[in-house]
Amino acid sequence: MGEEPIVLSDGVVTLRAFEPDDAPAVLGACQDPLIARFVPIPQPYTAQTARGFVARRRADWDGETERSFAITDALTGELLGAIARHRRAEHRAELGYWLAPWARGRGVATRALRLVRDWSFETTGLVRLELFTHPDNEASGRVALRAGFYREGVRRGWDLDREGRPEDDVFYALLRDDARAPGP
Ligand SMILES: CC(C)(COP(=O)(O)OP(=O)(O)OC[C@H]1O[C@@H](n2cnc3c(N)ncnc32)[C@H](O)[C@@H]1OP(=O)(O)O)[C@@H](O)C(=O)NCCC(=O)NCCS
């Protein structure tokens with residue numbers, strides 16, 4: 001069963017469901033080579049791709065397993081990025097995110113991950129939240145650690161790159177009962 005999209009905010013970033021009007025900003029953000037390198041987005045990324053993305057991410061709320069948010073500036077409403085939670089099992093979900101180039105270097109991704117982390121543990125029975133990054137994606141690994149996730153190690157050949165070659169990924173996870181208090 002789906003649910004009405006909800007809004008999460010810490011006063012600096014606001015997470016809300018995607019809207020059709022977000023497509024132009026998504027299109028602009030997803031021209032960025034860093035997103036294309038570390039997130040399996042279509043290439044080339046066209047206006048139609050962006051419209052399809054925002055429609056699908058909005059429709060996530062009609063189902064059980066996917067929950068996704070536009071990351072926006074809490075004061076101006078500007079679109080800053082995206083964050084999604086993919087439920088892989090009753091107790092386990094995977095998180096993914098990207099920021100537009102203009103939104104990096106000021107803690108936005110960490111804030112978004114903390115909001116989804118807390119909301120997930122408060123409102124579901126999820127026991128384990130996990131995410132994985134390319135070994136070269138140090139920025140994303142730092143985001144995970146700042147949000148209280150533990151680095152678990154490397155899974156070899158976990159993914160395939162765009163040419164179909166196996167590539168390793170670094171796994172980070174946070175369990176509901178982890179002793180270490182999650183970040184502020
Ligand atoms: C991964 C990605 C989201 C990280 O973005 P980011 O801007 O580094 O992450 P944050 O928004 O948490 O900002 C953290 C940086 O801002 C700085 N910062 C400033 N104020 C801060 C605050 N209040 N809290 C936390 N960090 C703050 C930190 O020092 C940090 O810089 P550092 O990484 O040089 O130490 C971004 O690089 C990205 O979109 N990459 C392409 C897509 C991608 O890789 N997605 C993840 C796939 S696994």
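The residues of the chain are indexed from 1 along the displayed sequence. When a ligand or atom number is given, it counts from 1 through the structure's own listing order. Keep in mind it's a predicted model, so treat the numbers as computed, not measured.
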Nearest protein heavy atom to [atom], by residue and atom, and its distance?
atom	value
atom 34 (O) of ligand 1	R142 NH2, 3.6 Å
atom 40 (N) of ligand 1	L34 CD2, 3.8 Å
atom 39 (O) of ligand 1	L99 N, 2.8 Å
atom 12 (O) of ligand 1	T110 OG1, 2.5 Å
atom 9 (O) of ligand 1	V143 CG2, 3.4 Å
atom 6 (P) of ligand 1	G105 N, 3.9 Å
atom 45 (N) of ligand 1	Y97 O, 2.8 Å
atom 8 (O) of ligand 1	A139 CB, 3.9 Å

At a non-hydrogen distance cut-off of under 4.0 Å, which region of L131 contacts ligand 1 (side chain, backbone, both, or neither)?
->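 Neither part.
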Assess R155 against F171: is NZ or CZ under 6.0 Å from the centre of the six-membered ring, and within 45 degrees of the ring's axis?
->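 Output yes; distance and angle both within limits.
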Which distance, rounded to the nearest 0.5 Å, do you find between the [atom1] of [X] and the [atom2] of [Y]?
X	Y	atom1	atom2	result
D169	D159	CG	CG	5.0 Å
T14	R111	OG1	CZ	11.0 Å
E78	D73	CD	CG	6.5 Å

Just to confirm, does any protein heavy atom lie below 4.0 Å from atom 47 (C) of ligand 1?
-> yes
Polar atom proximity, G107 to ligand 1 (N or O, under 3.5 Å) | yes
Polar proximity ligand 1 side, V39 side, N/O cut 3.5 Å exclusive |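 It does not: no N or O of V39 is found under 3.5 Å from an N or O of ligand 1.
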Sub-4.5 Å side-chain heavy-atom contact between H91 and L126 |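 No; the side chains remain at least 4.5 Å from each other.
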Decide yes or no for F132 and Y172: does some side-chain heavy atom of the first lie under 4.5 Å from some side-chain heavy atom of the second?
-> no
Given [options], which has its nearest heavy atom closest to [atom]?
atom	options	result
atom 38 (C) of ligand 1	R106, R111, R104	R104
atom 43 (C) of ligand 1	I83, N137, I35	N137
atom 31 (O) of ligand 1	E138, R37, R146, R114	R146

Compute whether any side-chain donor of one residue and acceptor of the other, for S140 and Y97, lie under 3.5 angstrom apart.
-> yes
Go through the side-chain N and O atoms of S120 and R85 and say whether any donor and acceptor fall under 3.5 Å apart.
-> yes
Ring centre gap for W61 and F18 strictly below 6.0 Å =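 Centroid distance W61-F18: not below 6.0 Å, so no.
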Does a sphere of radius 6.0 Å around CD in E3 hold more than 12 heavy atoms from other residues, nucleotides or ligands, not counting ones at 6.0 Å or beyond?
-> yes
Just which atoms of ligand 1 are under 4.0 Å from any heavy atom in F132?
->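 Matching atoms, with element in brackets: 48 (S).
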For V108, the ligand 1 atoms whose distance to one of its heavy atoms is below 4.0 Å | 10 (P), 11 (O)
Sort out for me which residue in R128, H86, R88 forms a side-chain hydrogen bond (donor to acceptor under 3.5 Å, both in side chains) with E94.
->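 The side-chain hydrogen bond (donor to acceptor under 3.5 Å, both in side chains) with E94 is passed solely by R88 among R128, H86, R88.
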